[in-house]
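The chains referred to below are lettered A, B, ... by the order of the sequence lines, with proteins before strands, and numbering in each begins at 1.
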Number of protein chains: 2
Amino acid sequence: MSGTLTVDGRRRRGDRTREAILRTAAAIASAEGLDGVSLGRLAGDLGISKAGVYAHFESKEDLQLATIASAQATFAAAVVEPALEAPPGLARLWALCDRSLDYLARDVFPGGCFFFSTGAEFDARPGPVRDALALARRAWIRLYEQLVDDARRAGEVVTTAEAEPRQVAFELDALAMAANVDRQLLDDADAVPRARRAMRARLAAIATPDTELPA
Amino acid sequence: MSGTLTVDGRRRRGDRTREAILRTAAAIASAEGLDGVSLGRLAGDLGISKAGVYAHFESKEDLQLATIASAQATFAAAVVEPALEAPPGLARLWALCDRSLDYLARDVFPGGCFFFSTGAEFDARPGPVRDALALARRAWIRLYEQLVDDARRAGEVVTTAEAEPRQVAFELDALAMAANVDRQLLDDADAVPRARRAMRARLAAIATPDTELPA
DNA sequence: CCTACCGATCGGTAGG
DNA sequence: CCTACCGATCGGTAGG
């Protein structure tokens with residue numbers, strides 16, 4: 001029994017270290033890109049050795065893919081899961097917009113949106129890292145589309161061409177990305193409010209006459 | 001006189017080499033970032049030695065700043081200058097939107113918009129490179145604002161809050177950035193048409209009743 | 001046999 | 001523009 005406890009204790013400690021590595025890696029990547037996440041940099045930030053970092057991963061690419069998965073979990077907990085607690089329909093669609101802007105304003109990642117920074121970094125580099133980032137983006141856009149479609153079925157969003165789910169998803173996401181750019185590159189504190197205003201106007205324009213936009 | 005000719009000949013040859021280096025550097029940076037522009041990489045692509053590249057610049061940072069200036073000239077020739085040939089007012093504002101999307105669709109830079117890629121790369125790294133990229137972005141947004149303001153003064157755009165120049169500039173630019181992301185990361189050929197549709201809808205919404213949107 | 005590291009060093013390449 | 005290099009740091013691995 002004491003042997004089992006020791007093994008479990010070691011495994012738990014190892015998992016905690018791995019999670020700490022991935023949180024640090026995602027934070028660095030948001031500011032300096034996944035290329036900025038070197039074993040030496042991680043080791044320095046975490047106060048352990050390079051080998052101590054590397055022992056948790058099979059390769060640099062494995063570390064990069066695990067960092068993306070960790071950032072997806074962080075994003076889901078900060079944005080997607082809270083938004084899905086809102087009542088279905090236009091309220092839930094607005095909640096997703098609102099949470100995505102809060103995620104930027106709260107600096108969940110120190111360098112802005114992890115997926116924006118790393119997507120821009122890898123969008124022209126074929127390989128598993130780019131594939132994982134493309135998959136994450138498609139899932140994000142698809143979630144937006146789904147919520148628009150749900151709101152249409154619920155009769156809270158019009159069924160005109162300008163309210164087509166793919167088009168609305170594209171435009172709402174575009175506004176959040178521009179907020180990220182202006183906030184990060186221009187240090188513009190008005191960027192997030194500006195995006196919020198535009199999102200609310202877009203939702204108001206596609207809401208059916210008897211549907212009120214939540215605060 | 002032959003001495004002068006020789007010097008001039010050398011200078012001209014040197015300038016051509018320098019321009020070729022900067023065009024290549026901007027192309028690489030659009031796809032792999034400015035960090036991907038190493039002296040060895042440039043030398044290999046151009047068929048010269050690393051020292052032959054470095055001879056044209058005082059430092060790596062000097063090369064990066066010269067690459068940004070070169071990309072600005074390319075962007076001005078591809079987007080800004082042609083747009084400014086359109087008649088003032090809403091037509092010129094639309095021309096700027098249209099040219100910015102054409103610039104993406106034509107792959108003027110092989111890795112998508114140079115300023116998007118490098119802006120995302122440097123937005124969290126203080127220094128002269130970030131400052132130059134922030135200045136370029138502010139000038140771009142200001143040009144959009146100016147054209148919206150001109151169209152308002154000409155009576156072709158309403159003066160409501162939703163047509164406020166800074167807000168309109170933010171939204172039109174956001175759509176072009178999202179088109180760049182979906183085109184580059186998702187290989188989505190519909191991204192540019194989708195942005196064009198949204199831009200036209202936005203302009204139609206702020207145009208005064210008697211103003212027609214150019215084709 | 002296992003894990004979670006350490007200090008040191010491998011072959012290569014970066015900017016200069 | 002060339003060859004010939006430097007200090008450092010890269011991803012990755014050795015024995016303890």
Side-chain angles (χ1 to χ4, degrees), chain A residues 1-25 28-29 32-68 118 121-122 125 127-129, chain B residues 3 5-25 28-29 31-68 118 121-122 125 127-129:
Chain A
M1 226 186 109
S2 71
T4 304
L5 279 171
T6 303
V7 168
D8 285 347
R10 280 175 183 167
R11 284 206 178 125
R12 272 198 296 273
R13 209 188 321 129
D15 286 350
R16 280 200 302 273
T17 302
R18 186 185 149 99
E19 283 160 23
I21 291 169
L22 293 177
R23 273 194 302 273
T24 304
I28 295 171
E32 300 167 44
L34 280 166
D35 279 343
V37 182
S38 71
L39 299 179
R41 170 66 187 277
L42 278 174
D45 284 15
L46 291 159
I48 58 178
S49 70
K50 286 202 300 176
V53 175
Y54 198 70
H56 294 275
F57 306 96
E58 291 177 2
S59 65
K60 183 72 185 296
E61 189 176 281
D62 181 41
L63 166 62
Q64 291 174 325
L65 294 172
T67 300
I68 293 168
T118 58
E121 184 183 9
F122 277 86
R125 302 192 212 177
V129 173
Chain B
L5 279 171
T6 302
V7 168
D8 283 348
R10 281 175 183 166
R11 283 203 180 129
R12 270 198 298 272
R13 209 185 324 130
D15 286 349
R16 279 199 304 272
T17 300
R18 187 186 148 98
E19 283 161 22
I21 291 169
L22 293 176
R23 272 194 304 271
T24 303
I28 295 171
E32 299 166 44
L34 279 166
D35 279 343
V37 182
S38 69
L39 298 179
R41 170 66 188 276
L42 279 174
D45 284 17
L46 292 160
I48 58 178
S49 70
K50 288 201 296 179
V53 175
Y54 199 72
H56 294 275
F57 307 96
E58 291 176 3
S59 64
K60 182 70 186 292
E61 189 175 280
D62 181 42
L63 166 62
Q64 292 174 325
L65 294 172
T67 300
I68 293 168
T118 57
E121 185 183 7
F122 277 87
R125 303 193 214 176
V129 172

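- In this structure, B:Asp35 atom CG and C:dT13 atom C1' are separated by 15 Å, rounded to whole Å.
- Atom CD of A:Gln64 is separated from atom C1' of D:dG12 by 14 Å (rounded to the nearest Å).
- A:Lys60 places its NZ atom 14 Å from the P atom of D:dT13, with the value rounded to the nearest Å.
- In this structure, the nucleotide among D:dG11, C:dG16, C:dC5 sitting nearest to the side chain of B:Leu39 is C:dG16.
- One can place CG of A:Leu63 at 14 Å from P of D:dT13, the figure rounded to the nearest angstrom.
- The shortest non-hydrogen separation linking B:Pro128 to B:Glu61 is CG-OE2, 3.2 Å.
- Here the C1' atom of nucleotide C:dC5 and the CD1 atom of A:Ile21 are 11 Å apart, to the nearest Å.
- For C:dG16 and D:dA4, the P atoms lie 22 Å apart once the distance is rounded to whole Å.
- In this structure, A:His56 does not reach the C:dT3 phosphate: none of its side-chain N or O atoms is under 4.0 Å from OP1 or OP2.
- Remark: A:Ile48, A:Ser49, A:Ala51, A:Gly52 in residues 44-55 of chain A come within less than 4.0 Å of DNA chain C through at least one heavy atom.
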Please test B:Glu19 against B:Leu22 for side-chain contact (heavy atoms from CB on, under 4.5 Å), starting from the C-alpha separation and ending with a verdict. CA-CA 5 Å; B:Glu19 283 161 22; B:Leu22 293 176; 5.8 Å; no
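- Distance OG1/B:Thr17 to CD1/B:Ile48: 6.5 Å, rounded to 0.5 Å.
- The interatomic distance linking A:Phe57 (CZ) with C:dT3 (P) rounds to 15 Å, in whole Å.
- Residue B:Lys60 comes nearest to B:Leu34 through the heavy atom pair NZ-O, 4.5 Å, listed as atom of the first residue, atom of the second, then distance.
- Of all heavy-atom pairs between B:Ala25 and B:Thr67, the closest is CB-OG1, 3.5 Å.
- Minimum heavy-atom separation, B:His56 to B:Arg18: O-NH1, 3.2 Å.
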Run the numbers on B:Leu39 and B:Leu63 for side-chain contact (heavy atoms from CB on, under 4.5 Å), then give the verdict. CA-CA 10 Å; B:Leu39 298 179; B:Leu63 166 62; 4.0 Å; yes
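- In this structure A:Arg125 satisfies the side chain to side chain donor-acceptor pair (under 3.5 Å) test together with A:Asp35, sequence neighbours excluded.
- A sub-4.0 Å separation between OP1 or OP2 of D:dT9 and a side-chain N or O of A:Ser38 is absent.
- Separating the C1' atom of C:dG15 from that of D:dC5 is a span of 13 Å, rounded to the nearest Å.
- Atom CG of B:Asp45 and atom OG1 of B:Thr24 lie 6.5 Å apart (nearest 0.5 Å).
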Would you write the dot-bracket representation of DNA chain C, where each base gets (, ), [, ], | or . depending on whether it forms a Watson-Crick or G-U pair under 3.5 Å and with which partner? .....|...|....|.
